[in-house]
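Report on one structure; see the data block that follows.
Scope of the values below: all heavy atoms of this structure, side chains included, with no hydrogens, waters or symmetry mates. Lettering follows sequence order; numbering is per chain, from 1.
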Amino acid sequence: MILTTFYILSAIAIVCALMVVLSKNPVHSVLYLVTCFFAFSGHYILMNAQFLAVVNIIVYAGAIMVLFLFVVMMLNLNKQNQLDKSNVARLASVIGAGALLLIIVASVKSAELDILGVTQLGELGTVQAIGKELFSTYLLPFEISSVLLFSAIVGAILLGKKEI
Amino acid sequence: MTALIILSLLGILVLMMGLFHLKNKVLILIIPVLIAGIFLNANEYGLNASYFSQMVHFDNFAISFSSLLILTTTLIFGLCLQQYKTSKKPVEDIYALIIFSLVGAICMVSFNNLIMFILGLEIMSVPLYVLAGSNRENVLSNEASLKYFLMGAFASAIVIFGMTLIFGATNSFQLDEIRNAVSGTKMPGVLQVGILLFIGGSLFKAAAVPFHFWAPDVYQGSPTVITAFMATVVKTAAFAGLFRFMMVAFQDISGLWVNILVIITIATLFLANFSALSQTDFKRLMAYSGISHAGYMLIAILVLNMNAADALFFYSVSYSLATIVAFGIFLTMKNATGEYSLEIFKGLSRKNPFLAFGLVIAFLSLAGIPPLAGFFGKYFIFTSAIKGGFLTVVIIAIINTMIGAYYYLKVLNMAFTKDVYHSAPVKNHLLLDAVIVFAAIGTLILGFFPGLLQGFI
């Protein structure tokens, strides 16, 4: 049952991710990306990480993608005004990306599952467990990420404010 | 650790000072606090303490490098007055972002957990994306910001992907636990891919070939002090962070990645030095010069022992000091003439002997001519590499040093033999002069007494 769900979710995720890149209309791309994120949330639930699944939907599929959609619509990117890339650049990127895909597939295929440390996660994904970890072991990263967010806010204002 | 806390608070305080429209007077607060930060930081030397369930580990390596980063930033704030003294816009937000970026850099050199590394990388980068574009009227500055942001975000994503693969292979983010996990007999293929992706993403920040394409454009477009910050603090932090990670976690399995790093090093040295030969813009020249110095610093990562750590520290100090002198002189000349090309240095010796002397020290040190700090930086790196068995790389690096000397001496030739290019008066600024004098004397002293910084780490 879990395995069937896993394959269905993976198929949805891969097809949607491909459509993000392949579809001509940027609005469609964003919508496929939202679907892709929902499929990821499904994976998180399969791995017993409920908190991560919910946060993923709220933050990524909800807030960020809606913002993305607004930006795409406002910029009106529907027109076909993309620059044509040269064939050499296309060939190079196809070879580069293909080589990366090959290496990653080969390395993951050769990895043995016990080394990867796939164990039953149990209670690890619940809000309670994550909260405990976040405020004990990972307290410093949690606090210092406020510096990151703060500087991002200051930066946005610095770039966006009107001339005084 | 104290420095990390003080600097975070200083950033917020500086931002709030914007309320009083103090503009550049806020430097009176920033510079003493940064200097105090250096001493408080150096005070923890030898304590070897870990904080917050071993998220950061301030050993001598971290203390030395973070002191250097704070010192470099202090000197760059000395240049800021020259850059922003006529600015009508508030500058507090720019200064606060520079300080936040420094906080990230300190996290990068003191991390003991990969989470802290990636957070440090992002805290260092995000303010820089904004700072690169902080000159909003300039199209080049906008281009620099966008280019840096898009490529930098991509590089961060690659680092994170590498981290997840390393985590998958070793089941830990903690450096010593990773070390224990990889010393076993089984070596999953994902680990190697993870290490390579991690190296690639980190070398992007350090601007090594083939991840250097952003550097000339971004250096050229950014405001000059920000360029100086990128060339010194960011490069030092990226190398120190990468060195620390490889040294603690992957020293035992260097066979997995050392060949690729050798190729990257050789490519970096040749490409950067040959590209630099034809540059006419000062900032682009410094960008390619910075890439070539990344090549020399990469040799230290190849060797990866305590000797190399010492050599990397000495090299970072000498490179940072000389670069700051060069940028300080360029800033003065640019403000006088309003141009960016190398031509503005023509006839400098007759116009302003003081600046010309500073230029000689800076460029000879960058070129690696004895008896200046740059020579001993290269000397220590090369000797540690020969001891480590990388003789071919050292020979190639020495050939590149000779190629590099050409474009540094070309600029000096302009300054001393050509006619005066621009008759605009050069206004020396007391603070800027102090920075140039301090960094130049530092370069001289380290050249005459290179033992001063030996055995620090």
What part of Leu196(B) lies closer than 4.5 angstrom to a heavy atom of chain A: side chain, backbone, both or neither?
neither
Is it the backbone or the side chain of Leu191(B) that comes under 4.5 Å from a heavy atom of chain A, or both, or neither?
neither
To the closest 0.5 Å, what do you measure between [atom1] ([X]) and [atom2] ([Y])?
| X | Y | atom1 | atom2 | result |
| --- | --- | --- | --- | --- |
| Leu158(A) | Glu92(B) | CG | CD | 11.5 Å |
| Leu119(B) | Glu143(A) | CG | CD | 12.0 Å |
| Gln54(B) | Thr137(A) | CD | OG1 | 11.0 Å |
| Met116(B) | Leu140(A) | CE | CG | 4.0 Å |
| Glu122(B) | Ser151(A) | CD | OG | 9.5 Å |
| Phe142(A) | Phe52(B) | CZ | CZ | 12.5 Å |

Should we count [atom1] of [X] as having more than 12 external heavy atoms under 6.0 Å?
| X | atom1 | result |
| --- | --- | --- |
| Phe245(B) | CZ | yes |
| Leu22(A) | CG | yes |
| Tyr60(A) | OH | no |

Out of the candidates Ile94(B), Leu15(B), Val126(B), only one should pair with Val154(A) under the side chain to side chain contact (heavy atoms under 4.5 Å, CB included) rule; please name it.
Leu15(B)
Mind running side-chain contact (heavy atoms from CB on, under 4.5 Å) on Phe150(A) and Ile12(B) for me, showing each step along the way?
CA-CA 9 Å; Phe150(A) 189 56; Ile12(B) 297 168; 4.0 Å; yes
Closest heavy-atom pair and its distance - Ser136(A), Ser53(B)
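Minimum heavy-atom contact is O-OG, 3.8 Å.
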Shortest non-hydrogen contact from Leu159(A) to Gly133(B)?
CD2-O, 3.6 Å
For Phe161(B) and Ile104(A), what are the C-alpha separation, side-chain angles and deciding distance, and is it a side-chain contact (heavy atoms from CB on, under 4.5 Å)?
CA-CA 11 Å; Phe161(B) 191 36; Ile104(A) 289 174; 3.4 Å; yes
Side chains of Pro90(B) and Lys161(A): closer than 4.5 Å at any heavy-atom pair?
yes
Is the closest side-chain heavy-atom distance between Ile144(A) and Met55(B) below 4.5 Å?
no
